Amino acid sequence: MKFVAFSGSLRTKSLNTAVVRTAAELCLPPVSMTIYEGLGQLPFFNQEVESAGPPPEVMEFRALLESADAVLISSPEYAHGTSGVLKNGLEWVVGGGELTDKPVAVVTASPSMTGGDRAQAWLKETLLIMGGKVLPESLPIPLASIKITNGRVSDEETRAALQEVLAAMARAAKEGGTGD
Ligand SMILES: Cc1cc2nc3c(=O)[nH]c(=O)nc-3n(C[C@H](O)[C@H](O)[C@H](O)COP(=O)(O)O)c2cc1C
């Protein structure tokens, strides 16, 4: 079973990238997780460019998502929304439909008490309209800067919650996708 994950933050010490790396390490055979790191290299979405034929970076991103049995996205909350770079990446996928009927789990890690819950709601709305099967097990991580240390999720409760998210992704992938 193949999972694909990506972080909506380009920051070197990103809490959300740490979530994705931890999730990949928590995946055990027969499940594997590929981390996509090319979000920052995608051009700004332009409908004319898409119509003329999307650039190779976009085709690579689309193909990776297409090949996934389930997808994990971990996003920062910026001004109560998700990051621009993540929204841009998703815009390139609307036309391709690679997330249609695909189980997608959403994590938002934030140093704040809210755990990025507004970005999470915002992102789920976007994913749902794209046809993604957004999993109810999606996870906000409040006070993430004390639960994530040295680039990994270190808080045991949060690691267990992340494991639950991965288990839900596996179940949904097996069932061909269930969500809310
Ligand atoms: C421009 C900007 C806007 C932000 N807005 C919010 C916000 O609305 N809610 C929130 O919880 N945190 C907000 N933050 C704090 C981010 O959650 C924090 O920087 C987080 O570590 C970013 O994710 P990352 O560690 O994965 O890069 C904001 C940070 C920046 C730089």
Side-chain angles (χ1 to χ4, degrees), residues 1-10 14-42 57-76 82-83 85-94 96-109 115-116 119-120 123-124 126-141 144 147-148 151-180:
M1 189 172 289
K2 183 178 170 186
F3 293 166
V4 167
F6 54 98
S7 164
S9 173
L10 302 181
S14 160
L15 299 168
N16 288 282
T17 302
V19 168
V20 163
R21 290 188 179 139
T22 306
E25 287 167 3
L26 289 173
C27 288
L28 299 174
V31 177
S32 68
M33 180 175 274
T34 302
I35 300 176
Y36 173 71
E37 294 181 334
L39 218 51
Q41 276 78 56
L42 297 179
E57 311 89 280
V58 170
M59 296 311 286
E60 186 195 327
F61 181 43
R62 285 181 169 186
L64 188 65
L65 292 177
E66 178 69 35
S67 72
D69 295 304
V71 173
L72 174 76
I73 303 174
S74 192
S75 174
T82 189
S83 63
V85 73
L86 173 55
K87 179 64 164 49
N88 182 57
L90 293 176
E91 284 166 12
W92 280 114
V93 180
V94 173
E98 287 78 11
L99 288 182
T100 304
D101 294 330
K102 187 87 65 185
V104 186
V106 174
V107 178
T108 48
Q120 177 141 169
L123 185 52
K124 284 178 172 175
T126 297
L127 291 165
L128 282 172
I129 202 65
M130 291 172 69
K133 300 289 184 188
V134 180
L135 299 179
E137 287 81 0
S138 298
L139 176 72
I141 306 179
K147 297 173 180 170
I148 294 172
R152 294 294 184 278
V153 177
S154 45
D155 175 64
E156 282 306 324
E157 210 174 301
T158 308
R159 287 176 69 88
L162 197 52
Q163 233 150 357
E164 279 304 309
V165 170
L166 295 169
M169 288 168 67
R171 280 195 302 275
K174 250 184 212 158
E175 290 160 13
T178 57
D180 60 9

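Being a predicted model, the structure only gives us computed values, none of them experimental. When reading the values below, keep in mind they use all heavy atoms of this one structure, side chains included, and skip hydrogens, waters and symmetry mates.
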[X] and [Y]: which non-hydrogen atoms are nearest, and at how many Å?
X	Y	value
Ala18	Ile148	CB-CG2, 3.5 Å
Met33	Ala5	SD-CB, 3.6 Å
Arg62	Gly96	NH2-N, 3.5 Å
Gln163	Leu26	NE2-CD2, 3.9 Å
Gly8	Leu86	CA-CB, 4.0 Å
Gly89	Leu39	CA-CD1, 4.1 Å

[X] and [Y]: side chain donor to acceptor below 3.5 Å:
X	Y	result
Thr34	Lys2	no
Ser75	Thr82	yes
Ser7	Asn16	no

Using 0.5 Å steps for rounding, measure from the [atom1] atom of [X] to the [atom2] atom of [Y].
X	Y	atom1	atom2	value
Met130	Asp101	CE	CG	12.5 Å
Lys174	Asp69	NZ	CG	11.0 Å
Leu166	Leu162	CG	CG	5.0 Å
Phe61	Glu98	CZ	CD	9.0 Å
Leu123	Thr108	CG	OG1	8.5 Å
Met169	Phe3	CE	CZ	4.5 Å

*Any donor-acceptor N/O pair, Arg159 side chain to Val153 backbone, under 3.5 Å*: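 Answer holds: yes.
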*asked:* Determine whether a donor-acceptor pair (N or O, by modelled atom type, separation under 3.5 Å) exists between the side chain of Lys102 and the backbone of Ala68.
replied: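 Checking the backbone N and O of Ala68 against the side chain of Lys102, a donor-acceptor pair under 3.5 Å is found.
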_Walk me through whether Glu91 and Lys87 qualify under salt bridge (charged side-chain N to carboxylate O under 4.0 Å, His left out)._
CA-CA 6 Å; Glu91 284 166 12; Lys87 179 64 164 49; 2.8 Å; yes
*Audit row: Glu156, Lys147, salt bridge (charged side-chain N to carboxylate O under 4.0 Å, His left out) steps and yes/no*: CA-CA 8 Å; Glu156 282 306 324; Lys147 297 173 180 170; over 6 Å; no
*Any ion pair linking Glu175 and Lys133 (charged N to carboxylate O, less than 4.0 Å)?*
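Salt bridge flag = no for Glu175 with Lys133.
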_Just so I know, are the side chains of Leu65 and Tyr36 near enough to count as touching, which here means a heavy-atom distance under 4.5 Å?_
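The answer is no, as the side chains (C-beta and beyond) never meet within the 4.5 Å cut-off.
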*Check: Leu135 and Val104 side chains under 4.5 Å, non-hydrogen atoms*: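 When only atoms from C-beta onward are counted, Leu135 and Val104 do not touch, as no gap falls below 4.5 Å.
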*Picking from Thr158, Ile73, Ile141, what satisfies side chain to side chain contact (heavy atoms under 4.5 Å, CB included) with Val19?*
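For Val19, the side chain to side chain contact (heavy atoms under 4.5 Å, CB included) check succeeds only for Ile141.
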*asked:* Can you tell me which residue among Leu127, Val71, Leu72 is in a side chain to side chain contact (heavy atoms under 4.5 Å, CB included) with Val106?
replied: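 Running side chain to side chain contact (heavy atoms under 4.5 Å, CB included) over Leu127, Val71, Leu72 with Val106 returns exactly one hit, Leu127.
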*asked:* Within a 6.0 Å radius of atom CD on Glu164, are there more than 12 heavy atoms belonging to other residues, nucleotides or ligands?
replied: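 Atom CD in Glu164 is not crowded, with 12 or fewer foreign heavy atoms closer than 6.0 Å.
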